[in-house]
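Read the structure below first, then the notes.
Throughout, residue positions are numbered sequentially from 1 according to the sequence presented.
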Amino acid sequence: MSTEQNSLPTAKVIYILLIVGTIVGITGIIGLIMAYVMKDGSDHWVQTHYRFQIRTFWIGLLYSMTGVFLINIGIGLYVLLFAFVWLIVRCSKGLKQLENREPVKNLESWFFT
C-alpha cells in the first residue's frame with residue numbers, strides 16, 4: 001500500500017476525531033497526537049491536511065478557553081458557540097478538500113479557510 005493510501009484514511013479519521021472532540025474532548029487530543037505523528041512521511045498535499053488539523057485543534061482550544069474566561073461577563077456562551085460552529089465548518093471543509101484529493105487551500109487562516 002502506498003504512503004498516500006495509508007495517509008488518506010488516517011487524515012479522514014483525524015477530522016472525525018476533531019469533530020467528535022467537541023462533545024468528547026479526549027478524541028480531539030487523540031486526533032492531535034495522530035496528526036503530529038503522521039505529518040512527516042506523507043505526500044505534500046496530505047501534509048497540508050495534517051498541519052491544518054493541528055492548527056484547527058490549537059486555535060479551537062484558544063477560542064474555547066477565551067469563551068470560558070468570558071462566561072462571567074455574558075459573552076462567553078456566544079464565543080463558545082462560535083468555536084463549536086467554527087470547528088465543525090473548518091473540519092467539514094477540510095474533509096471535502098481531502099475527498100477531492102486537494103491540499104488545504106488557505107492553511108494559515110484563523111477563520112473557516
Side-chain angles (χ1 to χ4, degrees):
M1 200 179 268
S2 75
T3 305
E4 180 179 336
Q5 290 173 331
N6 288 331
S7 297
L8 287 178
T10 304
K12 185 183 249 185
V13 166
I14 294 169
Y15 279 121
I16 293 167
L17 288 171
L18 289 173
I19 291 170
V20 173
T22 61
I23 306 300
V24 183
I26 192 73
T27 63
I29 295 168
I30 293 168
L32 174 69
I33 293 166
M34 289 174 65
Y36 272 117
V37 168
M38 296 297 295
K39 72 179 179 148
D40 297 327
S42 300
D43 292 338
H44 174 70
W45 72 272
V46 180
Q47 286 178 2
T48 66
H49 285 276
Y50 292 130
R51 184 160 178 231
F52 184 72
Q53 292 162 340
I54 292 166
R55 288 178 53 80
T56 298
F57 177 87
W58 289 116
I59 295 168
L61 182 64
L62 176 67
Y63 288 162
S64 297
M65 294 309 295
T66 302
V68 168
F69 288 126
L70 294 174
I71 286 282
N72 291 332
I73 61 170
I75 63 170
L77 289 177
Y78 297 110
V79 175
L80 288 170
L81 178 62
F82 168 78
F84 175 78
V85 171
W86 174 85
L87 190 130
I88 300 297
V89 170
R90 198 164 152 102
C91 287
S92 298
K93 287 186 171 189
L95 274 167
K96 182 179 178 189
Q97 292 173 4
L98 183 67
E99 288 296 318
N100 293 333
R101 298 185 185 284
E102 299 172 348
V104 174
K105 291 181 174 68
N106 192 0
L107 191 57
E108 300 300 320
S109 173
W110 277 61
F111 294 106
F112 296 109
T113 64

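No more than 12 heavy-atom neighbours from other residues, nucleotides or ligands sit within 6.0 angstrom of CZ on F69.
Rounding to the nearest 0.5 Å gives a distance of 7.0 Å between CD1 of I30 and CD1 of I33. Between R90 atom CZ and L95 atom CG the span is 13.0 Å, to the nearest 0.5 Å. Here the CG-CD1 distance, from L77 to I71, works out to 4.0 Å after rounding to the nearest 0.5 Å. To the nearest 0.5 angstrom, I14 atom CD1 is 12.5 Å from F57 atom CZ. To the nearest 0.5 Å, atoms CZ (F84) and CD1 (I19) are separated by 9.5 Å. With values rounded to the nearest 0.5 angstrom, E102 atom CD is found 8.0 Å from H49 atom NE2.
For the pair Y50/T10, a side-chain contact is recorded, criterion being any heavy-atom separation below 4.5 Å from C-beta on. Residues F52 and N106 have side chains not in contact (no heavy-atom distance under 4.5 Å, counting atoms from C-beta outward).
No chain of hydrophobic side-chain contacts below 4.5 Å, direct or via other Ile, Leu, Val, Met, Phe, Trp or Tyr residues, connects Y63 to L70. Criterion: ILVMFWY side-chain heavy atoms under 4.5 Å apart, direct or through other members. Under it, I29 and M38 are part of a common hydrophobic cluster. Both I23 and M65 are assigned to one and the same hydrophobic cluster, defined by single-linkage of ILVMFWY side chains at heavy-atom distances under 4.5 Å. Under a hydrophobic clustering in which Ile, Leu, Val, Met, Phe, Trp and Tyr are joined whenever their side-chain heavy atoms come within less than 4.5 Å, directly or via other members, L62 and Y78 fall into different clusters. A continuous path of ILVMFWY side-chain contacts below 4.5 Å connects L98 to I16, so both sit in one hydrophobic cluster.
When all heavy atoms are compared, the tightest approach of V79 to T66 is CG1-C, 4.3 Å. Scanning both residues, T22 and L87, for their nearest heavy atoms gives CG2-CD2, 3.4 Å. Nearest heavy-atom pair across I54 and A35 is CG1-CB, 3.7 Å. Between C91 and L18, the shortest heavy-atom contact is SG-CB, 3.8 Å.
Residues K12 and E99 are paired through a salt bridge, judged by an N-O separation under 4.0 Å between the basic side chain and the carboxylate.
With Q53 contributing its side chain and A11 its backbone, the two residues share a donor-acceptor pair below 3.5 Å. Without hydrogens or angle criteria, Q47 side chain to S42 main chain gives a donor-acceptor distance under 3.5 Å.
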Exercise. Between R55 and E108, does a salt bridge (Lys or Arg N to Asp or Glu O under 4.0 Å) hold up when you go through it step by step?
Worked result: CA-CA 8 Å; R55 288 178 53 80; E108 300 300 320; 3.8 Å; yes
